[in-house]
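This report refers to the structure that appears directly beneath it.
We count residues from 1, following the sequence as given. All values below were derived from every heavy atom in this structure, side-chain atoms included, with hydrogens, water molecules and symmetry-related copies excluded.
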Amino acid sequence: MQVHTCIFERVGDDAVFRALADPTRRALLDRLRERNGQTLGELCGPLAMARQSATQHLGVLEAANLITTVRRGREKLHYLNPVPLWDIAERWIERFERPRLRALSAIKHRAEEDTMADRPSYVYVTYIESSPERVWEALTDPGLTAQYWGHSNVSDWQAGSPWEHRRVDGSGIADVTGTVLESVPPRRLTMTFGAPGEAPPGGPSKVTFDIEPYHEIVRLTVTHVNLADGDALEAASAGWPAVCANLKSLLETGHVLPRAPWEMHAELRAAQMARNDPRPPGPQAGTAPGK
């Protein structure tokens, strides 16, 4: 493994400020802050950026010593190096304003935590005998989602694009809509998740699918955050295990379960169908949150 040896070499503040002045380079640093050790493809994919442009931006960041790289086989992994930022903070902040800024930061974080504390979250983990690529396809292909979810997930799956969870009864009605926030095939997909129309006062909920190789199988983690209330949490707690059970069966056996598992929660399904359907009441196919 080859590691750059200049990680702690002091660079000029001008180079650091120039590197940070560009919003794209700040976005790349944010990506590394969220998950360190990414390849070029992983970094530029969610930002809808050409590899050549990403390479140029990463070169500027590396010259400013804000990132360092490690070779792992044929891959080049990028890591955030906070040392130059620490040097600047120490020079301009540490000696003068650190106590006051720490107090203000603590107040800000406490206020944000108090706001989020009333918004429930749900996490579900399952293990599937498959490959990350196949699981990604199953989450994003309209035909496959129609088989195990009862709805078609429709989008180009680029960050910033809309997506819809459409019924398969020919009505074209979408029971869930949102925006793709992060798309890193075949490892991570994040999108807002909610009923069509105006977002709720606390903002839309957000779903993240993390697809991780686990020995010869795959670990799929579904994280649903910023749920509106206890009813939304109940619907997610019923919906995601049902969806994942059917997905697991399809990928491992080639067919879905003989009985749709969300039929155990038919009342939740029917309630959402009624909310989103402008047509007169009647027997219609649909989904509950997560279904």
Side-chain angles (χ1 to χ4, degrees), residues 46 48 115-116 118-124 136-183 185 188-209 222-244 246-247 256 260-291:
T115 300
M116 293 298 293
D118 296 331
R119 308 284 289 188
S121 300
Y122 180 80
V123 179
Y124 185 82
W136 177 272
E137 182 185 16
L139 292 171
T140 57
D141 182 87
L144 288 174
T145 50
Q147 290 184 57
Y148 71 85
W149 208 329
H151 277 59
S152 293
N153 286 349
V154 181
S155 177
D156 63 10
W157 303 112
Q158 300 297 312
S161 294
W163 79 282
E164 292 187 342
H165 193 57
R166 295 180 189 167
R167 298 184 188 180
V168 294
D169 59 2
S171 67
I173 295 172
D175 284 299
V176 181
T177 61
T179 301
V180 179
L181 302 177
E182 185 178 17
S183 180
R188 186 176 175 89
L189 177 65
T190 303
M191 62 257 205
T192 59
F193 192 99
E198 294 184 5
S205 68
K206 183 174 70 173
V207 172
T208 297
F209 298 98
V222 182
T223 305
H224 199 159
V225 301
N226 203 37
L227 292 160
D229 49 33
D231 290 341
L233 177 60
E234 179 186 2
S237 302
W240 288 118
V243 170
C244 291
N246 235 13
L247 166 62
V256 297
W262 50 76
E263 290 181 4
M264 293 184 296
H265 309 282
E267 70 287 351
L268 294 174
R269 183 184 182 96
Q272 186 184 49
M273 297 285 296
R275 286 196 303 269
N276 298 332
D277 198 335
R279 300 174 298 177
Q284 299 145 3
T287 184
K291 298 200 271 288

Are the side chains of H151 and R167 in touch, meaning some heavy atoms are under 4.5 Å apart? yes

Quick check: closest heavy atoms across G202 and N226, and the distance to 0.1 Å? O-ND2, 3.1 Å

Does a donor on one side chain sit under 3.5 Å from an acceptor on the other, for N153 and H165? yes

Should N246 and W149 count as side-chain neighbours, where that means a heavy-atom distance under 4.5 Å? no

Treating T192 as the side-chain partner and T179 as the backbone partner, does any N or O pair qualify as donor plus acceptor under 3.5 Å? yes

May I ask you to decide if P162's main-chain N or O and S155's side chain share a donor-acceptor pair within less than 3.5 Å? yes

Is any side-chain heavy atom of Y124 less than 4.5 Å from a side-chain heavy atom of H224? no

Please step through side-chain contact (heavy atoms from CB on, under 4.5 Å) for the pair S205 and Y122, ending with a clear verdict. CA-CA 11 Å; S205 68; Y122 180 80; over 6 Å; no

Quick check: F193 with W240 (ring centres under 6.0 Å apart)? yes

Check for a donor-acceptor pair, side chain of W157 on one end and backbone N or O of T140 on the other, with a separation under 3.5 Å. yes

Does the S152 side chain pair with the main chain of P142, one donor and one acceptor, at a distance under 3.5 Å? yes

Going by atom types alone, do S161 and D156 pair a side-chain donor with an acceptor below 3.5 Å? yes

Is any side-chain heavy atom of K206 closer than 4.5 Å to a side-chain heavy atom of M191? no

Mind checking whether T208 and L189 have side chains closer than 4.5 Å, heavy atoms only? no

Do W163 and T177 come close enough that some side-chain heavy atom pair is under 4.5 Å? no

Nearest heavy-atom contact between G150 and V168 is O-CG2, 3.5 Å

L181 and A159 have their tightest heavy-atom pair at O-CB, 3.9 Å

Could you tell me whether the side chain of C244 reaches within less than 4.5 Å of the side chain of Y148, counting heavy atoms only? no

D229 and A232: which non-hydrogen atoms are nearest, and at how many Å? OD1-N, 2.9 Å

Closest non-hydrogen atom pair, V225 against T223: CG1-CG2, 3.7 Å

Residue pair V207 / T190, side-chain heavy-atom distance below 4.5 Å: no

